[in-house]
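Structure record follows, encoded as structure tokens.
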Amino acid sequence: MRPQLTSPDAHSIASPSSPSSAISASDRRLNALVRHLVDASPAMDSQNLKDTVSASPTSGFHADSVFAHVVRAPEDPILGVTVAYNKDPSPVKLNLGVGAYRTEEGKPLVLNVVRRAEQQIVNDRARVKEYLPIVGLADFNKLSAKLILGADSPAIQENRVTTVECLSGTGSLRVGGEFLARHYHQRTIYIPQPTWGNHPKVFTIAGLSVKTYRYYDPATRGLNFQGLLEDLGSAPSGAIVLLHACAHNPTGVDPTVQQWEQIRQLMRSKALLPFFDSAYQGFASGSLDADAQSVRMFVADGGECLVAQSYAKNMGLYGERVGALSIVCKTADIASRVESQVKLVVRPMYSNPPIHGASIVATILKDRDMYNEWTIELKAMADRIISMRHQLFDALRAKGTPGDWSHIIKQIGMFTFTGLNSEQVAFMTREYHIYMTSDGRISMAGLSTRTIPHLTDAIHAAVTGVV
Ligand code: KET
């Protein structure tokens, strides 16, 4: 632990690690002041302050750019796949990289219910574009908590859940991570191995220290349940554990209900803090309730947890950046104090969240008819993905492609973790213009009946021709 306030070093002061009882009242006041100043300008740590007062390289007439030393960063492993895809002029190119839904015609889909909600919003002249509160749209927050925890959740009825609108799933994870780094006694977060590639970056930047727990067994292409229990069993008491609520990305492998129950018991017995990432509610099974079951099991035992929700996939609101962070606490009073601190995380980061996407979601969730229409459209998306799994599996079998491809139909959610290695992936991109992440993950939602034969040919060639 770093000292709370022993030197005027803004960096160490910014770290709220020591219990407040250990310092005197005057130290506390001074500390609050300095923290306020540091919060007002988070980049102003001690090194930055020194750099600011030392001679600036811009002070003379330099022909060279002050950024001449900046090296090119690599593209993002997931979003970079789309960048490469966009540059490819081939008419047969296929983007199975990013987890974004496409229709049978290969087109992005705006849900009909979203268009209806947007129309209603546009027609409502009473709506204004004022700033939202720091925590976002109140209706949206209430309805989001209900969606993930269940309409009859005692935690909601007892007012011990605080929900804050954030910038989609990523923003919710980031805000939750930073809240924990500032106020939770354990700064280590365990994430599954493998996991969504952005998780380690989000949590490290939030100020947490990232470790992994075993999750996937390449030999069985299923869950390494024993490894998971062992790793969580030997994690330090109180550690944070990131759990994918459903449709684990990238593996498509979820624990069964019985396994979730064992995970819950183990985690509660060791006081491990669950942080759920719910980016695919409704996409795994087609049912919003079934896909929220893991989260609800942990909330039903009365314990605390965090949940990051995204509406990118299940409402197709990718670019609207709409999501929510819920923190389930023991009491209403604690929840309200927690919320007051989450606001201090958000305010200097982006001040307050955008209004449009949250208004769409709230409009749909509060209207019975629109809600029903949404569930039907969501189920249709989930069913199309499941049908793609069957078609791809059947096509590989029909072609006699070597290997057991049954994992394609066993895995759940948007992705199939094919088992193809990075050379095979590179081969498929080079020779067949098929774009996917180098770990062999394919987005099933990017496929259609028309493109399955092309993918099947590519996989066949890759597994028969490339070592
Ligand atoms: N969690 C998981 C598990 C996840 O797969 C994503 C997105 C997110 C959070 C964040 O989604 P947001 O759009 O911030 O609500 N995954 C897909 C897109 C991406 O990488 O950004 C993907 O894996 O393709």
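- Using modelled atom types, one finds a donor on one side chain and an acceptor on the other under 3.5 Å when comparing D88 with H433.
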What's the verdict on salt bridge (charged side-chain N to carboxylate O under 4.0 Å, His left out) for E373 and R116, showing C-alpha distance, side-chain angles and the deciding distance? CA-CA 10 Å; E373 184 175 353; R116 261 176 81 194; 2.3 Å; yes
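- For the residue pair N112 and E377, no side-chain donor N or O sits within less than 3.5 Å of a side-chain acceptor on the partner.
- Rounding to the nearest 0.5 Å places OG1 of T416 at 11.0 Å from CZ of R221.
- Ring geometry for W260 versus F276: interplanar angle of 30 to 60°, hence tilted.
- S448 is not listed as a side-chain neighbour of R102, based on a closest heavy-atom distance of 4.5 Å or more.
- Tested against L173, the residues V202, N198, L306 include a single side chain to side chain contact (heavy atoms under 4.5 Å, CB included) partner, V202.
- Side chains of T103 and K107: no donor on one and acceptor on the other come within 3.5 Å.
- Of the possible polar contacts, one joining the T363 side chain to the S359 backbone as a donor-acceptor pair under 3.5 Å is found.
- The closest side-chain donor-acceptor pair between S438 and S422, if any, does not fall under 3.5 angstrom.
- By the 4.5 Å heavy-atom criterion applied to side chains, M428 and D457 are not counted as neighbours.
- Ring pair Y432/H454 is tilted by interplanar angle, where 30° to 60° counts as tilted.
- Side-chain contact between T162 and V164 is present, with heavy atoms from C-beta onward closer than 4.5 Å.
- Inter-residue side-chain proximity for L242 and Y190 is flagged as unmet; no heavy-atom pair is nearer than 4.5 Å.
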Verdict with reasoning, R397 to D394, per salt bridge (charged side-chain N to carboxylate O under 4.0 Å, His left out): CA-CA 5 Å; R397 280 259 285 246; D394 291 347; over 6 Å; no
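- The environment of CZ in R368 is sparse: at most 12 heavy-atom neighbours from other residues, nucleotides or ligands sit within 6.0 Å.
- In this structure, the side chains of M436 and L420 come closer than 4.5 Å at one or more pairs of heavy atoms.
- Within a 6.0 Å sphere centred on CZ of R115, other residues, nucleotides and ligands contribute 12 heavy atoms or fewer.
- Between F275 and F298, the gap from one ring centroid to the other reaches at least 6.0 Å.
- Residues V346 and V135 are not in side-chain contact: their nearest non-hydrogen atoms beyond the backbone lie 4.5 Å or more apart.
- If you take CD on Q341 and CZ on R182, they are separated by 8.0 Å, rounding to the nearest 0.5 Å.
- With no hydrogens or angles considered, no side-chain donor-acceptor pair links H390 and S387 at under 3.5 Å.
- For the pair H183 and F179, the minimum side-chain heavy-atom distance is below 4.5 Å.
- Atom NZ of K146 has 12 or fewer neighbouring heavy atoms from other residues, nucleotides or ligands inside a 6.0 Å radius.
- For the residue pair Q411 and H248, no side-chain donor N or O sits within less than 3.5 Å of a side-chain acceptor on the partner.
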Does the side-chain contact (heavy atoms from CB on, under 4.5 Å) test come out yes or no for I240 and L272, once each step is laid out? CA-CA 6 Å; I240 309 155; L272 302 175; over 6 Å; no
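- Relative orientation of the H199 and F203 rings is parallel, given thresholds of 30° and 60° on the angle between their planes.
- Between the side chains of Q309 and S172, not a single donor N or O lies within less than 3.5 Å of an accepting N or O.
- Classified by interplanar angle (parallel below 30°, tilted 30° to 60°, perpendicular above 60°), the ring pair F415/Y280 is perpendicular.
- Looking at N352 and R347, their side chains never bring a donor and an acceptor atom within 3.5 Å of each other.
- Considering only heavy atoms from C-beta on, K93 comes within 4.5 Å of Y85 through its side chain.
- Between T437 and D439, the side chains place a donor N or O and an acceptor N or O closer than 3.5 Å (distance only, hydrogens not considered).
- No side-chain N or O of Y318 forms a donor-acceptor pair with one of S168 less than 3.5 Å apart.
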Run E178 and R174 through salt bridge (charged side-chain N to carboxylate O under 4.0 Å, His left out) and show every step you take. CA-CA 6 Å; E178 188 164 327; R174 174 70 176 78; 2.6 Å; yes
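- A donor-acceptor contact under 3.5 angstrom links the side chains of E261 and Q265, judged on distance only.
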